[in-house]
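Notes follow once the structure below has been shown.
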Amino acid sequence: RHKLCGDSVSPGALAVLRRLSLSKWIETHGRPIDGMLLTGPRNSCVEGRYPDSLRGRVVMRRDFDRCLLEQAIAAGAQFEDRVVVRGPVVEPCHGERGVHVRGVLVRSARRADSPLPAKVTIAADGRRSTLAFALGLATHPDRPRRWAIGAYFEGVSGTSSFGEMHVRAGEYLGIAPLAGGLTNACFVGSRATLAHMRNPERTLRAAIERDVQLRERFAGAHIVAPPAVLGPLAVDVRTAGVAGLLLAGDAAGFVDPITGDGLRFALRGGELAAETALQMLQTGNPDGHITLARRRREAFAWKWRLNRTLRRIVDSPVALSAGVAAASVAPAIIRLLIAVAGDCHSTAVEQC
């Protein structure tokens, strides 16, 4: 399946895959990335190489998903394609639990709406999670209200072994070079910025054209497939599930993609959900979501705070100008930020 994604796998995400013995395919087929090029207003520019010779990879998301699916099936998972989850199967609980999820209601080519019972359900069904929204666990916050448009281009000039993030007031544009001459370009802005939402290609090209650092590089480029549109992006989740249900991936809360943390959050969050599910099955305790929420806070809280801080900087022209000034005086701060965003600090721990 095609989904809007920056296609970058950070060194930290790659370290998780290595530890789980899932990295061979992406290290063979993904294009190596040595760091990030970060630009701001007034032609400011900082190139940050990942420390200690660490590298990330860039690979088309649908190919990466297929690789993970094939390895899951090889490990013993049962996969049923084209199944739609219509909602949770619940029963009321006494006390403070509210409801207890006992499985899901599904529809497929082989069956009409019918219950699929389960002792433990993991909802990893994305930022518009049917289960999380049906149970009132997820909402779209009033701020920030951002939308994204992404597409693949051929003929983009000036790409290198670095990913790119071009930050402007209220918006940003990420660029990732793939193998085979393709370039992923993803623009994120407010609904007001994306005035021509009915024509995503025109909106994406307009964003590139008005950027003096990018327009010449895309002058001879052409889009190879219709752009994908996603929004509003942010999803707030008040808990990691309910009795019998655990949330994972974007269903557990969607972060602004400016730091490129999404895949590592998904991989590590999925691992935490799996560990918690095994404990629930062993002990018979349905309230694993309480444990999972604590584990997620311990693993991600400080990165969530960093993400929110960067989001506010992009939203504020004054703060963005101050950040540009700081970058010109002390570019080492931006290079450190790039290393932190790539989770380079965590790779040694993950590999252990």
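By convention here, the first residue in the shown sequence is residue 1.
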Inter-residue atom distance [X].[atom1] - [Y].[atom2], 0.5 Å rounding:
X    : Y    : atom1 : atom2 : value
L292 : R297 : CG    : CZ    : 10.0 Å
L247 : I122 : CG    : CD1   : 10.0 Å
R205 : I149 : CZ    : CD1   : 12.5 Å
S108 : E80  : OG    : CD    : 5.0 Å
R55  : R57  : CZ    : CZ    : 6.5 Å
I33  : F162 : CD1   : CZ    : 9.0 Å

For the student: nearest non-hydrogen atoms of [X] and [Y], plus distance:
X    : Y    : answer
P141 : A234 : CD-O, 3.3 Å
G87  : L131 : C-CD2, 3.6 Å
L246 : A277 : CD1-N, 3.8 Å
V85  : V106 : CG2-CG1, 4.3 Å
T159 : P177 : CB-CB, 4.0 Å
G6   : A176 : O-CB, 3.5 Å

Report task. Might you work through the side-chain hydrogen bond (donor to acceptor under 3.5 Å, both in side chains) test for E27 and S23, ending with a clear yes or no? Result -> CA-CA 6 Å; E27 291 189 285; S23 66; 2.9 Å; yes
Below 4.5 Å, heavy atoms only, C-beta onward: do [X] and [Y] meet side chain to side chain?
X    : Y    : answer
E70  : W25  : no
I175 : L214 : yes
L233 : R146 : yes

Could you tell me whether the side chain of [X] and the main chain of [Y] form a donor-acceptor pair under 3.5 Å?
X    : Y    : value
D211 : Q213 : yes
N199 : R202 : yes
T276 : A274 : no
S8   : S10  : no
N184 : L178 : no

Are the charged groups of [X] and [Y] less than 4.0 angstrom apart, N to O?
X    : Y    : result
E271 : R268 : yes
E171 : R210 : yes
D65  : R61  : yes

Requested in this report: Show your reasoning for whether side-chain hydrogen bond (donor to acceptor under 3.5 Å, both in side chains) applies to D236 and T139.
Outcome: CA-CA 5 Å; D236 287 343; T139 58; 5.2 Å; no
Report summary line: In short, salt bridge (charged side-chain N to carboxylate O under 4.0 Å, His left out) pairs touching residues 149-167 with sequence neighbours left out are E164-R217
Report task. Not counting sequence neighbours, list each pair that qualifies as a salt bridge (charged side-chain N to carboxylate O under 4.0 Å, His left out) and has a residue in residues 113-135. Result -> R86-D113, R107-D113
For [X], all residues meeting ring-ring contact (aromatic ring centres under 6.0 Å, His included), sequence neighbours excluded:
X    : answer
F64  : none
Y172 : none
Y50  : none

Query raised in the report: With a cut-off of 6.0 Å (strictly less than), are more than 12 heavy atoms of other residues, nucleotides or ligands near CD of E298?
Result: yes
**Report entry** Residues, nucleotides or ligands: over 12 heavy atoms within 6.0 Å of K24 NZ
**Finding:** no
Query raised in the report: Where does the angle between the aromatic ring planes of H140 and F133 fall among parallel (under 30°), tilted (30 to 60°) and perpendicular (over 60°)?
Result: tilted
Query raised in the report: Would V58 and V9 satisfy side chain to side chain contact (heavy atoms under 4.5 Å, CB included), going step by step from the backbone distance to the final call?
Result: CA-CA 6 Å; V58 177; V9 181; over 6 Å; no
Query raised in the report: Below 6.0 angstrom between ring centroids: does that apply to F187 and H166?
Result: no
Requested in this report: Return each pair, listed once, that meets side-chain hydrogen bond (donor to acceptor under 3.5 Å, both in side chains) where at least one residue sits in residues 238-253; pairs must be two or more places apart or across chains.
Outcome: none
